[in-house]
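Notes for the one structure printed next.
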Amino acid sequence: MSKKTPQAIRGTQDIFGPEAEAFAFVVETFERVRRLYRFRRVEMPVFEKTEVFARSLGETTDVVSKEMYSFDDRGGESLTLRPEFTAGIARAFLTDGWQQYAPLKVATHGPLFRYERPQKGRYRQFHQIDAEVIGAGEPQADVELLAMADQLLKELGINDVTLHLNTLGDAESREAWRAALIDYFRAVKDQLSEESQERLEKNPLRILDSKDPRDRPFLADAPKIDAFLSEEASAFFAAVTSGLDAAGVKWVRAESLVRGLDYYRHTAFEFIPDEGSPSAAALGSQSTVLGGGRYDGLMESLGGAPTPAVGWAAGIERLAMLVGDRFGLLPPPEVAVAVENDARMSDAVGLVSFLRREQIEVELFAAGSARKRFDKAKKANPVILISLDVRDGKASQSLQVLDNAYERLGYVLATYEQRYPLP
RNA sequence: GCGAUCAUAGCUCAGUUGGUUAGAGCGCCGGUUUGUGGUACCGGAGGUCGCGGGUUCGAACCCCGUUGAUCGCCCCA
């Protein structure tokens, strides 16, 4: 490679081959499943005014200042490449009059951008599928959304992940719990890790999922959200869990599963690979496959009326890794046509065009050494292999059925021969 | 933002304590052979050893920097 060739941007990926096929499989399956649940498709801008994300994220300065791709456009306005779908969809809900469709179920997918250190399953331009229910405050919305996520994962063939579920309660519950956690950890502050001492000020809920051994002795006895839940919040969570049971969605309670941002209320969840499972091994430390929650407080931060909403997103790259080679290969062609003599090129082009119009997947082998085209065609492992050649001065062809299970092809080919008899 | 490991042909990798024209397998291209066929054999193209400096008579190998990848930490909307 010449040093004049520009390199790809750090953290971006050129997806090709099995990974690209697995990626497409994830997106196609998502499209199919979201129709089953009657989610409407939306397409969103890749960039927004910076305030769309900054205001929705609130005071989490690290995320806003260090991890967003922001720039000033020619008019001097600060714009940001979307780091998430939710804020943009919420903005559209308010500015485009989508309130009239509430409760609105929408689904989308596409690229997102975060300025982070790349790791396995973590890129600066990455891709997510996303589903949101806006304007629905009842627990049934959470249940339907989670059932869709569960079915999606199953239909992708991912069976070794489990729904980890928690509730953060309503605003009052959440605040009371947060205050109790701060009191509890402040009393033992000196014995906590440096990171957790800092988290105590910035993001105390996060201490609960600390991996540092110095913090772990204090985690078990930390105040639990359940003790602070209002009656309504308890009833809401109970309705979600019983709904999941009725829908046949397996779940486990994860009391330390939290969300850092203030706008989250009630349900919070992540689908996480089971310990020791193939999926866990495939993902490394980036373990969450799909995550989301209820964000009843978001619309107000964007200047809208209080609007309940719940949603989730999942990284397509990570799902594609779990799908792996099971669905990650472009299947062999139904028909391979080898042109062993260039005099037969027109016949071959006519044949493959006909077959493709009949919705048959065909690969044409007509380049390179004429004598090796047959070998290449055979290596493609088609159901049917056709070769066109010239023998003793006359056109000749052969047809091999390598997998005679496929009767439709025989029918289509017979039709072709009837219509355009080969010499 | 922090730490560790790594970077040699299109791919997977060798390359001995620093020592002449840097190798293999696969793939690719061409040819011979095989009387209808994923064969075997022969040949070929393709690398200033990520990039830039330094040490040395001499660097793929040692040192510094840089870029990127990988694995953790932090963060995770």
Side-chain angles (χ1 to χ4, degrees), chain A residues 1-13 16-17 48 52-68 80-90 112-124 126 128 130 193-196 198-199 202-203 205-207 209-213 257-264 268 270 281 283-288 291-293 295 297-298 301 311-313 315 318 332 336 338 340 365 367-382 385-392 396-400 402:
Chain A
M1 196 194 316
S2 161
K3 63 181 168 184
K4 285 177 185 166
T5 304
Q7 287 186 320
I9 303 295
R10 176 174 171 81
T12 64
Q13 2 166 34
F16 175 74
E48 298 269 359
V52 170
F53 306 112
R55 284 171 60 184
S56 68
L57 292 169
E59 302 305 316
T60 48
T61 50
D62 261 25
V63 167
V64 172
S65 61
K66 294 183 187 166
E67 297 181 11
M68 296 203 307
T80 295
L81 301 181
R82 64 183 179 197
E84 57 160 325
F85 280 116
T86 307
I89 291 173
L112 304 171
F113 305 85
R114 297 180 188 177
Y115 193 89
E116 297 182 291
R117 186 78 171 260
Q119 290 180 32
K120 189 179 190 68
R122 185 181 202 178
Y123 304 93
R124 289 183 172 179
F126 60 104
Q128 285 187 342
D130 179 272
S193 65
E194 296 79 20
E195 287 87 7
S196 286
E198 203 162 317
R199 280 190 276 240
K202 288 183 359 194
N203 204 348
L205 303 196
R206 283 287 175 196
I207 298 176
D209 50 21
S210 170
K211 293 166 193 157
D212 196 297
L257 195 161
V258 297
R259 291 280 107 103
L261 301 181
D262 289 339
Y263 58 67
Y264 280 103
E270 295 179 2
L283 288 179
S285 69
Q286 306 298 312
S287 57
T288 298
Y295 51 93
L298 173 60
S301 69
W312 55 251
R318 288 186 200 171
E340 299 197 78
F365 294 87
S369 168
R371 226 169 322 164
K372 291 189 172 167
R373 292 173 193 166
F374 185 93
D375 290 350
K376 285 186 182 174
K378 194 144 191 175
K379 277 185 184 174
N381 196 27
L385 193 165
I386 297 171
S387 98
L388 300 179
D389 202 353
V390 176
R391 294 273 164 151
D392 306 322
S396 70
Q397 54 276 327
S398 75
L399 185 151
Q400 292 184 33
L402 304 179

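Chain naming here is simple, since letters A, B, ... match the order of the sequence lines and numbering starts at 1 in each. Given the structure is predicted, the values throughout are model-derived calculations rather than measurements.
Annotation: B:U21 and B:A60 have their P atoms spaced 10 Å apart (nearest Å). Comparing the C1' positions of B:U8 and B:G50 gives a spacing of 10 Å, expressed to the nearest Å. The gap from the P atom of B:G44 to that of B:U12 amounts to 25 Å, rounded to the nearest Å. Only the C1' atoms considered, B:C11 is 14 Å distant from B:G47, to the nearest whole Å. Comparing the C1' positions of B:G15 and B:C49 gives an interatomic distance of 10 Å, to the nearest angstrom. For the P atom pair drawn from B:G72 and B:G54, the interatomic distance equals 38 Å after rounding to whole Å. Annotation: B:A14 and B:A59 have their P atoms spaced 24 Å apart (nearest Å). Going from the P atom of B:A4 to that of B:A77 covers 29 Å, rounded to whole Å.
A:Gly291 comes within 4.0 angstrom of nothing in the nucleic acid, heavy atoms only. Here A:Gln13 lies out of heavy-atom contact (under 4.0 Å) with every strand. Nucleic acid contact for A:Phe126: none, since no nucleic acid atom lies under 4.0 Å from a heavy atom of the residue. Among the protein residues, A:Gly292 comes within range of no part of the nucleic acid, since none of its heavy atoms lies under 4.0 Å from any strand.
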List every contact pair, protein side and nucleotides 34-36 of chain B side both N or O, where the distance is under 3.5 Å.
residue: B:U36; atom: O4; partner: A:Arg391; partner atom: NE; Å: 3.1
residue: B:U36; atom: O4; partner: A:Arg391; partner atom: NH1; Å: 3.0

Can you give me the N/O atom pairs linking the protein to nucleotides 39-41 of chain B at distances under 3.5 Å, or say none if there are none?
none

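What separates CZ of A:Phe374 from P of B:G38 is a distance of 8 Å, to the nearest Å. What separates CG of A:Leu261 from P of B:C75 is a distance of 13 Å, to the nearest Å. A:Ile386 places its CD1 atom 17 Å from the P atom of B:G37, with the value rounded to the nearest Å. Here the C1' atom of nucleotide B:C28 and the CZ atom of A:Arg373 are 16 Å apart, to the nearest Å. For the pair A:Arg117 CZ and B:G3 C1', the interatomic distance rounds to 9 Å; values are reported in whole Å. Going from atom NZ of A:Lys202 over to atom P of B:C74 covers 12 Å, rounded to whole Å. Remark: P of B:G68 and OH of A:Tyr123 are 15 Å apart, rounded to the nearest angstrom. Look at CZ on A:Phe16: it is 12 Å from P on B:C11, rounded to the nearest Å.
Residue A:Asn203 places no side-chain N or O under 4.0 Å from the OP1 or OP2 atom of B:C74. Taking side-chain N and O atoms only, A:Arg10 has a distance below 4.0 Å to OP1 or OP2 of B:A69. In this model, the phosphate group of B:C71 is approached by a side-chain N or O of A:Lys120 to a distance below 4.0 Å at OP1 or OP2. For B:C76, neither phosphate oxygen OP1 nor OP2 lies less than 4.0 angstrom from any side-chain nitrogen or oxygen of A:Arg122. At the phosphate of B:C75, OP1 or OP2 sits under 4.0 Å from a side-chain N or O atom of A:Arg199.
Across B:C29, B:A77, B:G37, the shortest atom-to-atom separation from the side chain of A:Arg206 is found for B:A77. Checked against B:G37, B:C74, B:C2, the side chain of A:Glu195 finds its nearest nucleotide in B:C74. For A:Tyr263, taking side-chain heavy atoms from C-beta onward, the closest of the listed nucleotides B:A77, B:C76, B:A4 is B:A77. Taking the side chain of A:Glu116 as heavy atoms from C-beta on, and the options B:C75, B:G37, B:A77, the nearest nucleotide is B:C75.
Within the model, atoms OG of A:Ser56 and CD of A:Glu84 stand 5.0 Å from one another, a figure rounded to the nearest 0.5 Å. Taking CG from A:Leu205 and CG from A:Leu261, the interatomic distance works out to 10.5 Å, rounded to the nearest 0.5 Å. Annotation: the span from A:Asp130 atom CG to A:Leu112 atom CG amounts to 8.0 Å, rounded to 0.5 Å. How far CD of A:Glu340 is from CG of A:Leu388: 8.5 Å, rounded to the nearest 0.5 Å. Going from atom CZ of A:Phe365 over to atom CD1 of A:Ile386 covers 12.5 Å, rounded to the nearest 0.5 Å. From A:Ile89, atom CD1 reaches atom CZ of A:Arg82 across 8.5 Å, with rounding to the nearest 0.5 Å.
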Checklist entry - Please walk me through it: do A:Lys202 and A:Glu198 pass salt bridge (Lys or Arg N to Asp or Glu O under 4.0 Å)? => result CA-CA 7 Å; A:Lys202 288 183 359 194; A:Glu198 203 162 317; 3.7 Å; yes
Next on the checklist: Working note: A:Lys211 + A:Glu195, criterion salt bridge (Lys or Arg N to Asp or Glu O under 4.0 Å); need CA distance, chi angles, decisive distance, verdict.
Outcome noted: CA-CA 10 Å; A:Lys211 293 166 193 157; A:Glu195 287 87 7; over 6 Å; no
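Side-chain contact between A:Arg318 and A:Leu283: present, with at least one pair of heavy atoms (C-beta onward) separated by less than 4.5 Å. Side-chain contact check for A:Tyr115 versus A:Lys66: every heavy-atom pair is 4.5 Å or farther apart. Side-chain atoms of A:Thr12 and A:Tyr123, non-hydrogen and from C-beta on, never get closer than 4.5 Å to each other.
Projected onto RNA chain B by closest heavy-atom contact, A:Phe53 and A:Tyr115 fall at different nucleotides, the more 5' of which corresponds to A:Tyr115. Each of A:Glu270 and A:Gln119 lies near RNA chain B, and the nucleotide nearest A:Gln119 is the one positioned closer to the 5' end.
By the 4.0 Å N-to-carboxylate-O rule, A:Glu67 lies too far from A:Arg124 to be salt-bridged with it.
Here the shortest heavy-atom pairing between A:Met68 and A:Pro83 reads SD-CG, 4.1 Å.
Judged by distance alone, with hydrogens and angles left aside, the side-chain atoms of A:Arg259 form a donor-acceptor pair with the main-chain N or O of A:Gly292 at under 3.5 Å. Counting only distance, with no hydrogens or angles, the side chain of A:Ser196 and the backbone of A:Arg199 share no donor-acceptor pair below 3.5 Å.
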Checklist entry - According to the Watson-Crick and G-U wobble definition with distances under 3.5 Å, which dot-bracket string, read 5' to 3', encodes RNA chain B, using [ ] for crossing pairs and | for pairs with another strand? => result (((((((..((((.....[...)))).(((((.......))))).....(((((..]....))))))))))))....
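A donor-acceptor contact under 3.5 Å is formed by the side chain of A:Glu340 with the base of B:G37.
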